[in-house]
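Beneath this line is the structure, given in structure tokens, with notes to follow.
Hydrogens, waters and symmetry mates play no part in the numbers below; they use all other heavy atoms, side chains included. Within every chain, numbering begins at 1; the chains are lettered A, B, ... in the order of the sequence lines, protein sequences first and strands thereafter. Quick caveat: nothing in here was measured; it's all calculated off a predicted structure.
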Number of protein chains: 2
Amino acid sequence: MIRVVIVDDDPLVLAGLRMILGGSNDITIAGEATDGHAAISTIAREKPDVVLLDIRMPRMDGISVLRRLPERGISARVIVLTTFDTDELILTALKQGAAGYLLKDTSPGDIVNAVRRVAAGEPALSPTVTTQLIAAATKSTDDSRRRAARHLIARLTDRERDVAIAVSQGLTNPEIAQTLHMGIATVKTHVGSVFAKLEVTNRVQVARYVHDAGISAPSG
Amino acid sequence: MIRVVIVDDDPLVLAGLRMILGGSNDITIAGEATDGHAAISTIAREKPDVVLLDIRMPRMDGISVLRRLPERGISARVIVLTTFDTDELILTALKQGAAGYLLKDTSPGDIVNAVRRVAAGEPALSPTVTTQLIAAATKSTDDSRRRAARHLIARLTDRERDVAIAVSQGLTNPEIAQTLHMGIATVKTHVGSVFAKLEVTNRVQVARYVHDAGISAPSG
DNA sequence: GGCCGCCTCCACCCCTGGGTGGATGCCGCC
DNA sequence: GGCGGCATCCACCCAGGGGTGGAGGCGGCC
């Protein structure tokens, strides 16, 4: 038996969810709430398996609720149920630990399926949400530029690479000399070699390459 | 009627897919292939709506097939069907334009559903694949630093922001003056204000903030 | 009107950054 | 051994970056 708490500021939506979920004989409505504050206390009291959570609500929005739950030691699986599907909102919700993200145009049958999936530990995303997630995940690691950057940086000597990374962290030549235990003149020499090999003319462009290559630590 | 081409080096898998998909009266098997080269020519000839594509194959792997399709002007929707679910493989496949990514433990019914979804323009991912995609997408955008950076950059005036972005692209002051149509002295003034507001001392650190904030275009 | 913030520009100064040329010692390879 | 690549350092030079102070015009706000 899957115990579900439903949260939405619209009584009509609550009624609809009650009907949809109540119709399944493996699901029980353990509680309801119409704002964020009430949601947290209801979830804390009922300890449901799954929470269906609206985003736009009075008193406290759904994202804040998501953020508060782990702080309270509550580990319910949450499905965000909203009409908004901006990239930022989706990523924020998932980052805050949402197990599902459904748009409100989801069919009753799909909502029930999503609750079952999430209860079983699987994710549940609307198709358009999945599409946006794919776009976000595939654009983050900018492939061709990254490969090119890695290729170029691989041609640097160890010391040049150390200097390039230090440069990309915004350090000055004297600071680099100190942290890498070499003379300022040596730093300048290496910086010059880096410029030549990366075919750039100033430090900011070095920083771009280093970041494009996905390097941050001083590379063992 | 959804026309499907199935590609797998294992004849048993092909036979299984033939049975599963042939059982649906809205799906036809338009062609089959047992290696990458054959797959490309079959897909080019049959122009199917959906392709079910294995990754590990002789002669040419599935990823290479994915890469070649757009080069040939073919725009079939491809579902990758494999036993491997490493982060890198998933992201690579999706980056190359895969519309679906199913693991081979997917039930026959779910495979049929995935074909229908993909044919309708929706994505189709196995639950564990979705989970990994969420992990990849949520870790890429480093949240707290990004928020801090956005917050600081929001305090810049429009002109200062333009200059900061130009700086972060590695332009020199004269270059910035030219592209933004202002005097070099003005550029210096703005750069100075940016340093003060971002509390940094050189241009590379400005670049870090701008990139952390996820800004690249000159912000209308 | 007066005040304030922003954009624009100027002049002056100093220091770091970046380019050039040269020197030494180390290590591995032919 | 001789050669070449790398790391380390030096001196010199100059252009650009970065700090300071000041000025005028423009628009919104009290």
Side-chain angles (χ1 to χ4, degrees), chain A residues 149-213 215 217-220, chain B residues 149-213 215 217-220:
Chain A
R150 275 183 188 268
H151 196 252
L152 281 176
I153 287 184
R155 323 192 72 177
L156 300 180
T157 68
D158 290 348
R159 235 28 190 158
E160 286 164 355
R161 206 175 301 119
D162 291 341
V163 171
I165 290 167
V167 164
S168 76
Q169 287 167 347
L171 301 184
T172 64
N173 286 340
E175 287 169 345
I176 296 171
Q178 200 172 350
T179 60
L180 293 183
H181 309 101
M182 62 174 85
I184 295 179
T186 309
V187 175
K188 287 190 174 190
T189 305
H190 288 317
V191 170
S193 310
V194 170
F195 285 178
K197 291 189 181 176
L198 299 189
E199 295 184 302
V200 299
T201 57
N202 67 54
R203 334 193 119 211
V204 177
Q205 294 166 3
V206 172
R208 287 180 68 84
Y209 270 103
V210 172
H211 280 105
D212 281 355
I215 301 173
S219 83
Chain B
R150 274 183 188 267
H151 196 253
L152 281 177
I153 287 183
R155 322 191 72 177
L156 300 179
T157 67
D158 290 348
R159 233 36 187 150
E160 285 165 357
R161 207 173 302 120
D162 291 341
V163 171
I165 291 168
V167 165
S168 76
Q169 286 168 348
L171 301 184
T172 64
N173 287 340
E175 286 168 346
I176 296 171
Q178 200 173 352
T179 59
L180 293 185
H181 308 101
M182 62 174 89
I184 295 178
T186 310
V187 175
K188 286 191 173 190
T189 305
H190 288 315
V191 169
S193 309
V194 170
F195 285 179
K197 291 189 181 175
L198 299 187
E199 295 183 303
V200 300
T201 57
N202 68 55
R203 332 193 120 212
V204 178
Q205 294 167 3
V206 172
R208 287 181 69 84
Y209 270 103
V210 172
H211 280 105
D212 280 354
I215 300 173
S219 83

Hey, which of these two, His181(A) or Arg155(A), hits DNA chain D nearer its 5' end, going by closest nucleotide?
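Between the two, 5'-proximity favours Arg155(A).
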What residues in residues 186-204 of chain A put a non-hydrogen atom under 4.0 Å from any atom of DNA chain D?
Thr186(A), Thr189(A), His190(A)
Polar side-chain atom of Asp162(B) near backbone of Ile165(B) as donor-acceptor pair, under 3.5 Å
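Judged by distance alone, no pair lies under 3.5 Å.
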Quick one: does any side-chain atom of Asp158(A) pair with a main-chain N or O of Arg161(A) as donor and acceptor, under 3.5 Å?
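No, because the side chain of Asp158(A) does not come within donor-acceptor range (under 3.5 Å) of the backbone of Arg161(A).
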With heavy-atom distances below 4.5 Å as the criterion, would you say the side chains of [X] and [Y] are in contact?
X: Asn202(A); Y: Gln205(A); result: yes
X: Val167(B); Y: Leu171(B); result: no
X: Phe195(B); Y: Thr201(B); result: no

Pairs under 3.5 angstrom only: tabulate donor-acceptor contacts from the side chains of residues 177-187 of chain A to other protein residues two or more places apart or in another chain.
from	atom 1	to	atom 2	distance (Å)
Thr179(A)	OG1	Glu175(A)	O	3.2
Thr179(A)	OG1	Ile176(A)	O	3.2

Apply side-chain contact (heavy atoms from CB on, under 4.5 Å) to Lys197(A) and Glu160(A), showing your working.
CA-CA 10 Å; Lys197(A) 291 189 181 176; Glu160(A) 286 164 355; 2.9 Å; yes
State which residues pass side-chain hydrogen bond (donor to acceptor under 3.5 Å, both in side chains) with Asn173(A); sequence neighbours excluded, sorted by chain then number.
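Asn173(A): side-chain hydrogen bond (donor to acceptor under 3.5 Å, both in side chains) contacts with Arg203(A).
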Please report, rounded to the nearest Å, how far the [atom2] atom of [N] is from the [atom1] atom of [X].
X: Glu160(B); N: dG5(C); atom1: CD; atom2: P; value: 13 Å
X: Ile184(B); N: dC10(C); atom1: CD1; atom2: P; value: 9 Å
X: Gln205(A); N: dG17(C); atom1: CD; atom2: C1'; value: 14 Å
X: Gln178(A); N: dT16(C); atom1: CD; atom2: P; value: 14 Å

Can you pull out how bent the helix from dG1(C)-dC30(D) to dC30(C)-dG1(D) is, comparing the axes over its first five and last five pairs, to 10°?
30°
First contact, last contact: which nucleotides of DNA chain D are these for chain A, 5' to 3', heavy-atom distance under 4.0 Å?
dC6(D) to dC10(D)
Arg208(B): partners by salt bridge (Lys or Arg N to Asp or Glu O under 4.0 Å), with sequence neighbours left out
none
To the nearest 0.5 angstrom, please state how far the OG atom of Ser193(B) sits from the CG atom of Leu198(B).
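If I round to the nearest 0.5 Å, the distance is 10.5 Å.
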Roughly how far, to the nearest 0.5 Å, is OH of Tyr209(B) from CG of Leu152(B)?
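Going from CG on Leu152(B) over to OH on Tyr209(B), the span is 5.5 Å.
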